[in-house]
Participant: 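I am attaching a structure below and will ask some questions about it afterwards.
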Amino acid sequence: MRKKSRIATPVAKTPPAPAPPTTPATRSASDVPSPSLLYVLASVLLLVPCYWQSRLQLGDLSSHIYNAWLAQLIESGRAPGLVIVPQTTNVLFDLMLSGLFKTLGAEAAQRISVSLAVLTFVWGAFAFVSVVAGRRAWSLLPAIAMLAYGWVLHMGLFDFYLSLGLCFWALALAWEWKPRRVAAAAPVLILAYVAHGLPVAWTVALLAYLWLARPMTPRNRAILMAGSLAAMLAARAVVTGMTSYIWLPQQIVTITGTDQLWVFDFKYVLPFAGLLVILVLLFVRLLGKSGARNVVSSLPFQIGVLTAAGVFIVPTRLQIPGYNHPLVYIAERMSLALGVCLCALLAAAPMRAYHRYAMGVVALLFFGFLYRDEGALNAFEDRMTRLVSQLPPGQRVVSAISDPTLRVNALAHMIDRACLGRCYSYANYEPATAQFRIRAIAENPIVVSTDNDSLCLQDGSYVVKQRDLPLYQVDLDQAGHMAIRI
């Protein structure tokens, strides 16, 4: 039989649907910047203040680079009475700076070391804030950047600063208390201790609190927090009964962390107050979103309260056994840790456009002030360097110039860098404190051997001895002109 052939029925073709308009939701992945690119771009912007002036005006940095030069003199046998001692803490930044100085020179060593310290701190803080919030906290990166370039950095407390940045990395790893992540945090804390012990002690205390509080009910967490505050008061009583200390009522200024933005003179109160207002507004938003009870019982809130209590309760100056110089600025240092803890708490708050605009305005104001003031300090150091360069090589030089209107003592160690490679900063404080790896073990022609003599030389109360001569002093006359006296 013949098969009937099928006749194909024509099917009407429908025109293709028009492509939907491109929106953020439908944009292709290739149009969205990758996270790695965002981190690179943000890092470049974050490092601009490290390169926008002829020198980095960061307080103690001048002393650090000068002592890196002294270390080379010691190693070559040209610094009698000075030695380099092995040290397990308060040394990481100095080792990095000295290593770079030997290979790349003083200028590059300062820029690279500070850049690495800033990136370690900023991205450590960002990682911690993001882990606590459960999402990348890009909206609070301007606040973290301002804290990073605040009082601690401009004082030049680099070993503490680097240690705190590493501790934030450790907290980000161990926040959920998963065994593998806690194990990964341990070597980071060890490295942080090589930089400075104070942030490590704070971090270990926080991790212990997290371990105890995480499985508890809100009521039991409240009891634990009250017990922790009581233990803090008891520890303060024990410590202050054993050693000399200074506690100041002014430490109340440091309990928000935003005081880090008060760097030099009184105009910095504007960005300080501006950031504080923004954080208060975000806290109100957080209360509206989550409810007061949930916020107060949360771990981010409680570690913030405990850190703020420690900043206020613990003396800001303690004499540590084995050191010739006390540990100073404890409250001012730890307010930086508190500022980041507040960012971690408020990262969960819904942020409106006006919050972001206000944050941008405060950041522009803050960094604008820094650029202007650092330029003025560089001009002042230019004058000092030109003056010192007129002296014969190898002379002993001191400077008692200070500005009591500045919250950061930006002038105290400026003579150190001015003397780099050409003269001896006779009042250089590091060797006499026994806190750093370079130590003065005997009277010598390079630096005074006692902490008291160093302090007296810096404040102008030192009585010159015969062995000190010739001794040159950089000073200002009544008209403000810089001159050298002998």
Side-chain angles (χ1 to χ4, degrees), residues 45-50 52-53 56-61 114 117-118 121-122 124-126 128-129 137 139-158 160-161 164-165 168 250-283 304 307-308 311-312 316 329-347 351 355-377 403 405-410:
L45 289 175
L46 286 166
L47 291 182
V48 168
C50 291
W52 64 13
Q53 295 285 358
L56 288 162
Q57 290 295 337
L58 301 176
D60 226 10
L61 177 64
V114 173
V118 167
F121 179 86
V122 170
F126 181 81
F128 169 64
V129 172
S139 59
L140 282 170
L141 186 58
I144 294 172
M146 285 186 279
L147 293 171
Y149 278 97
W151 187 89
V152 168
L153 184 74
H154 277 83
M155 278 294 289
L157 304 173
F158 280 102
F160 171 86
Y161 181 85
L164 187 58
F168 282 128
Q250 295 92 316
Q251 290 174 217
I252 192 71
V253 177
T254 62
I255 64 168
T256 66
T258 54
D259 65 292
Q260 289 293 318
L261 274 61
W262 187 352
V263 177
F264 294 117
D265 55 16
F266 195 71
K267 67 176 177 289
Y268 286 85
V269 171
L270 291 175
F272 164 26
L275 182 59
L276 180 60
V277 168
I278 294 170
L279 295 184
V280 169
L281 292 175
L282 288 176
F283 184 66
T307 303
V311 166
F312 182 66
T316 194
Y329 306 124
I330 298 174
E332 294 85 349
R333 294 173 194 242
M334 292 308 300
S335 82
L336 179 56
L338 175 58
V340 176
C341 286
L342 292 182
C343 289
L345 169 65
L346 300 175
M351 186 176 281
H355 293 120
R356 295 184 174 89
Y357 293 142
M359 189 90 73
V361 170
V362 171
L364 287 174
L365 187 66
F366 174 70
F367 285 106
F369 285 166
L370 287 184
Y371 180 80
R372 175 187 177 277
D373 290 341
E374 289 173 6
L377 289 170
D403 187 345
T405 67
L406 303 182
R407 190 165 180 253
V408 166
N409 192 351

Participant: If we check ring pair (Phe, Tyr, Trp, His ring centres under 6.0 Å) with F121, which of these qualifies: Y161, F128, F126?
Facilitator: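 Only one option passes, and that is Y161.
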
Participant: Using every non-hydrogen atom in the two residues, find where F158 and A117 come nearest and quote the distance to one decimal.
Facilitator: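 Shortest heavy-atom separation between F158 and A117 comes out as CD2-CB, 4.4 Å.
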
Participant: Can you sort out the partners of D265 under salt bridge (charged side-chain N to carboxylate O under 4.0 Å, His left out), two or more places apart, ordered by chain and number?
Facilitator: K267

Participant: Test of understanding: with side chain to side chain contact (heavy atoms under 4.5 Å, CB included), list the residues that count as partners of P142, not counting sequence neighbours.
Facilitator: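 Partners of P142 by the side chain to side chain contact (heavy atoms under 4.5 Å, CB included) criterion, ordered by chain and then number, come out as M359.
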
Participant: Step through the shown structure and confirm whether more than 12 heavy atoms of other residues, nucleotides or ligands are within 6.0 Å of CZ on F367.
Facilitator: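 More than 12 within 6.0 Å, yes.
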
Participant: For C50 and L56, which heavy atoms make the closest approach, and how far apart are they?
Facilitator: O-CD2, 3.4 Å

Participant: Quick check for you: to the nearest 0.5 Å, what is the distance between L365 atom CG and L370 atom CG?
Facilitator: 10.0 Å

Participant: Could I get the full list of side-chain hydrogen bond (donor to acceptor under 3.5 Å, both in side chains) partners for Q260, not counting sequence neighbours?
Facilitator: S335

Participant: Any chance you could measure F168, atom CZ, to L336, atom CG, to the nearest 0.5 Å?
Facilitator: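 Between atom CZ of F168 and atom CG of L336 there are 6.5 Å.
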
Participant: In residues 271-280, what donor-acceptor pairs under 3.5 Å come from side-chain atoms, sequence neighbours left out?
Facilitator:
none

Participant: With rounding to the nearest 0.5 Å, note down the distance linking CZ in R407 to CG in D259.
Facilitator: 5.0 Å

Participant: Is R372 atom CZ crowded by more than 12 heavy atoms from other residues, nucleotides or ligands, each under 6.0 Å away?
Facilitator: no

Participant: Can you give each donor-acceptor pair under 3.5 Å made by side-chain atoms of residues 148-155, sequence neighbours left out, with the distance rounded to 0.1 Å?
Facilitator:
from: Y149; atom 1: OH; to: L46; atom 2: O; distance (Å): 2.5
from: H154; atom 1: ND1; to: Y149; atom 2: O; distance (Å): 3.0
from: H154; atom 1: ND1; to: G150; atom 2: O; distance (Å): 3.3
from: H154; atom 1: NE2; to: E374; atom 2: OE2; distance (Å): 2.7

Participant: Can you tell me how far OG1 of T256 sits from CG of L261, rounded to the nearest 0.5 angstrom?
Facilitator: 9.5 Å

Participant: For the CG atom of L406 and the CG atom of D373, what is their distance to the nearest 0.5 Å?
Facilitator: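 The distance works out to 8.0 Å.
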
Participant: Heavy-atom distance under 4.5 Å between the side chains of L377 and Q53, does that happen here?
Facilitator: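 Not touching, per the 4.5 Å side-chain cut-off.
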
Participant: Go through the structure and list residues passing side chain to side chain contact (heavy atoms under 4.5 Å, CB included) with A331, not counting sequence neighbours.
Facilitator: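 A331: side chain to side chain contact (heavy atoms under 4.5 Å, CB included) contacts with Q251, T254, V311, T316.
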
Participant: Using every non-hydrogen atom in the two residues, find where L141 and V122 come nearest and quote the distance to one decimal.
Facilitator: CD1-CG1, 4.0 Å

Participant: I'd like to check the side-chain hydrogen bond (donor to acceptor under 3.5 Å, both in side chains) partners of N409; sequence neighbours left out, ordered by chain and number.
Facilitator: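 Once residues adjacent in sequence are excluded, N409 has no partner under the side-chain hydrogen bond (donor to acceptor under 3.5 Å, both in side chains) criterion.
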
Participant: What's the shortest heavy-atom distance between T405 and D403, and which atoms?
Facilitator: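 Residues T405 and D403, closest heavy atoms: OG1-OD1, 2.6 Å.
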
Participant: The criterion is side chain to side chain contact (heavy atoms under 4.5 Å, CB included); which residues satisfy it with V269, sequence neighbours excluded?
Facilitator: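 Result, side chain to side chain contact (heavy atoms under 4.5 Å, CB included) vs V269: W262, F266.
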
Participant: List for me each residue that meets ring pair (Phe, Tyr, Trp, His ring centres under 6.0 Å) alongside F160, sequence neighbours excluded, and say none if there are none.
Facilitator: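 In terms of ring pair (Phe, Tyr, Trp, His ring centres under 6.0 Å), with neighbours along the sequence ignored, F160 is linked to H196.
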
Participant: Taking only residues two or more places apart in sequence or in another chain, which ones pass side chain to side chain contact (heavy atoms under 4.5 Å, CB included) with Y357?
Facilitator: A353

Participant: How close do G156 and D60 get, counting heavy atoms only, and between which atoms?
Facilitator: O-CB, 3.2 Å

Participant: Would you compute the distance between atom CE of M334 and atom CD1 of I255 and round it to the nearest 0.5 angstrom?
Facilitator: 14.5 Å

Participant: Ignoring hydrogens, what is the shortest heavy-atom contact between L147 and C343? Give both atom names and the distance.
Facilitator: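 Heavy atoms of L147 and C343 come nearest at CD1-SG, 4.2 Å.
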
Participant: Applying ring pair (Phe, Tyr, Trp, His ring centres under 6.0 Å), name anything that partners F283, two or more places apart in sequence or on another chain.
Facilitator: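 Ring pair (Phe, Tyr, Trp, His ring centres under 6.0 Å) list for F283, sorted by chain: empty.
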
